[in-house]
Amino acid sequence: MLVAAAEQAALQQRAGGDRNGALATLLTAKVQAPHEFRLLLDLSILEDEAHLLRDAERDVAEARAIHPDDLKALYTEARVKMDLQEMSAAEKDMHAYLKARPDDATAHYGLGRILQMTQRSDKARLEFERSIALAPNQAESYYQIGQMALDHGDYTAAQQECRRALEHDAKHGGALTALGIAAYRLKQYSQAVQALQQAIAAAPEYQTAHYYYGLVLAKTGQKEASERELKLAATMADEQNRR
């Protein structure tokens, strides 16, 4: 009863945007029930979202020791390992999960991210495409394919994939930024300005969008505005490096 009440309260807090409150609720419950599987699993998910990665790793490992065949715990462990940059372990877990649940679009996306982060772009693209085939109404896999095209200098393909992402999420900050960067590198400066303005409106904390917006403003002769954006981007980068 204690765990059920804590889970219900934490779900409500999380839904209301109070992640710290939800985390505190579950941690308080853990004092009374330190080895309860559901509580450990819920706690590890929230800790991962809050970037308390070692805590998440510890709690999901204990959850898996209690129920080693639970697929939700296996998937959560894969995500935590990926966030810890322990890619070999993350990939092993994700493959094991997909063996049991081959039609899980989110897991194919997760495996794609692992492969992308370990610079296996061709295999990553296949996983993103599998994810899209299983769940076409999504933006994230299209965006990651577009980002890989951008990274490889295929700017036209990057634009195409990012536009597909934006069909499903018109305010996707990453896709708008990648679209603007591709336009900038193709010297399509008016398109770049429009896309990067939209990216900043959608994701004002995204440093890359501010940086490229500054570069585009310089190309269009807006020197003072360019200097402001580049200064802001440098400040944001310094703050990120201090975290």
ask   = For Y97, does the OH atom sit with more than 12 other heavy atoms under 6.0 Å from it, leaving out its own atoms?
value = yes

inquiry  = On a heavy-atom basis, which atom in A90 and which in A78 lie closest, and how many Å separate them?
reply    = CB-O, 3.5 Å

key: Working for salt bridge (Lys or Arg N to Asp or Glu O under 4.0 Å), residues D93 and R79   = CA-CA 9 Å; D93 280 351; R79 292 300 301 265; over 6 Å; no

ask   = Any link between L23 and L39 through a network of hydrophobic side chains (Ile, Leu, Val, Met, Phe, Trp, Tyr) touching at under 4.5 Å?
value = yes

inquiry  = If I compare all heavy atoms of A158 with all of A182, which pair ends up nearest, and what's the gap?
reply    = CB-CB, 4.4 Å

query = For atom CZ of R14, is the number of surrounding heavy atoms from other residues, nucleotides or ligands below 6.0 Å larger than 12?
reply = no

ask   = Is it the case that one hydrophobic cluster holds both L186 and L215, taking links as side-chain heavy atoms less than 4.5 Å apart, direct or via other members?
value = yes

request  = Verify, without hydrogens or angle tests, whether T76 (side chain) and K72 (backbone) share a donor-acceptor contact under 3.5 angstrom.
outcome  = yes

ask   = Got E167 and Y142 here, is their nearest side-chain heavy-atom distance under 4.5 Å?
value = no

inquiry  = Side-chain heavy atoms nearer than 4.5 Å, only ILVMFWY residues, links allowed to pass through others: does that put Y109 and L126 together?
reply    = no

task = Return yes if some donor-acceptor pair links the side-chain N/O of T118 with the main-chain N/O of I114 below 3.5 Å, else return no.
result = yes

task = Go through E229 and I200 one step at a time and tell me if the side chain to side chain contact (heavy atoms under 4.5 Å, CB included) criterion holds.
result = CA-CA 11 Å; E229 284 297 321; I200 290 168; 4.1 Å; yes

ask   = Mind checking whether Y211 and L150 sit in one hydrophobic cluster, side chains of I, L, V, M, F, W, Y counted as touching below 4.5 Å?
value = yes

ask   = Atom NE2 in H210, atom NZ in K231: separation rounded to 0.5 Å?
value = 15.0 Å

task = Could you give me the CA-CA distance, side-chain angles and deciding distance for L74 and L71, then say whether side chain to side chain contact (heavy atoms under 4.5 Å, CB included) is met?
result = CA-CA 5 Å; L74 177 61; L71 291 177; 4.2 Å; yes

request  = Could you please spell out the steps behind the side chain to side chain contact (heavy atoms under 4.5 Å, CB included) verdict for E77 and V80?
outcome  = CA-CA 5 Å; E77 184 179 63; V80 171; 5.7 Å; no

query = Side-chain contact, heavy-atom cut-off 4.5 Å: Y75 with D104?
reply = no

task = For the pair H67 and F37, name the ring-plane relationship: parallel under 30°, tilted 30 to 60°, perpendicular over 60°.
result = perpendicular

ask   = What about I181 and Y155, same hydrophobic cluster or not, with Ile/Leu/Val/Met/Phe/Trp/Tyr joined at side-chain heavy-atom distances under 4.5 Å?
value = yes

request  = Please report the C-alpha distance between R54 and E86 in whole Å, then the side-chain angles of each, then the deciding distance to 0.1 Å, and finally whether the salt bridge (Lys or Arg N to Asp or Glu O under 4.0 Å) criterion is met.
outcome  = CA-CA 12 Å; R54 289 303 176 188; E86 296 177 10; 3.3 Å; yes

Separation of D83 CG from E49 CD (nearest 0.5 Å) = 10.0 Å

request  = Decide whether Q197 and Y213 meet the rule of one side-chain donor and one side-chain acceptor closer than 3.5 Å.
outcome  = yes

key: 4.5 Å side-chain heavy-atom contact, Y206 and M236   = no

request  = Kindly indicate whether the side chain of K92, heavy atoms from C-beta on, has any atom under 4.5 Å from the side chain of K81.
outcome  = no

task = Verify whether one side chain among E140 and H172 offers a donor that lies under 3.5 Å from an acceptor in the other.
result = yes

message = Contact between L217 and L230 at the side-chain level, heavy atoms closer than 4.5 Å - yes or no?
response = no

ask   = Donor-acceptor pair, R19 side chain versus L46 backbone, under 3.5 Å?
value = no

task = Measure the spacing between CG of L115 and NZ of K123 and express it to the nearest 0.5 Å.
result = 7.5 Å

message = With no hydrogens and no angle check, just 3.5 Å: does a side-chain donor-acceptor pair link R163 and Q160?
response = no

note = Value for CG (L134) from CG (D103), rounded to nearest 0.5 Å, stands at 5.5 Å

ask   = L196 and T177: side chain to side chain contact (heavy atoms under 4.5 Å, CB included), yes or no, with the steps?
value = CA-CA 6 Å; L196 291 165; T177 300; 4.3 Å; yes

query = Judged by atom type as modelled, is there a donor-acceptor pair below 3.5 Å linking the side chain of H108 to the main-chain atoms of P102?
reply = yes

ask   = Could you go step by step and tell me if E129 and R125 meet the salt bridge (Lys or Arg N to Asp or Glu O under 4.0 Å) rule?
value = CA-CA 6 Å; E129 288 173 346; R125 183 185 178 101; 2.8 Å; yes

From CE (M148) to CG (D122), nearest 0.5 Å = 8.5 Å

query = Which distance, rounded to the nearest 0.5 Å, do you find between the CE of M117 and the CD of Q144?
reply = 9.5 Å

Exercise: do S141 and Q138 side chains pair donor with acceptor under 3.5 Å = yes

Residues E239 and Q207: side-chain donor-acceptor under 3.5 angstrom = no

request  = Please tell me if the side chains of Q159 and Q191 come closer than 4.5 Å, counting only heavy atoms from C-beta onward.
outcome  = yes

task = Could you tell me whether the side chain of Q116 reaches within less than 4.5 Å of the side chain of S121, counting heavy atoms only?
result = no

query = What are the two closest non-hydrogen atoms of G112 and A124, and how far apart are they?
reply = O-CB, 3.4 Å

ask   = Do other residues, nucleotides or ligands put more than 12 heavy atoms under 6.0 Å from the CZ atom of R101?
value = no

note = Of all heavy-atom pairs linking A178 and Q147, the shortest is CB-OE1, 4.0 Å

inquiry  = Could you tell me if the side chain of I132 sits less than 4.5 Å from the side chain of I145, heavy atoms only?
reply    = yes

task = Indicate yes or no for a side-chain donor-acceptor contact from S44 to the backbone of D59 under 3.5 Å, with no hydrogens or angles considered.
result = no

inquiry  = Against D48, only a single residue in V60, L84, L53, D55 fulfils side chain to side chain contact (heavy atoms under 4.5 Å, CB included); can you say which?
reply    = L53

note = In terms of heavy-atom contacts, A135 and A105 come closest through CB-CB, 3.7 Å

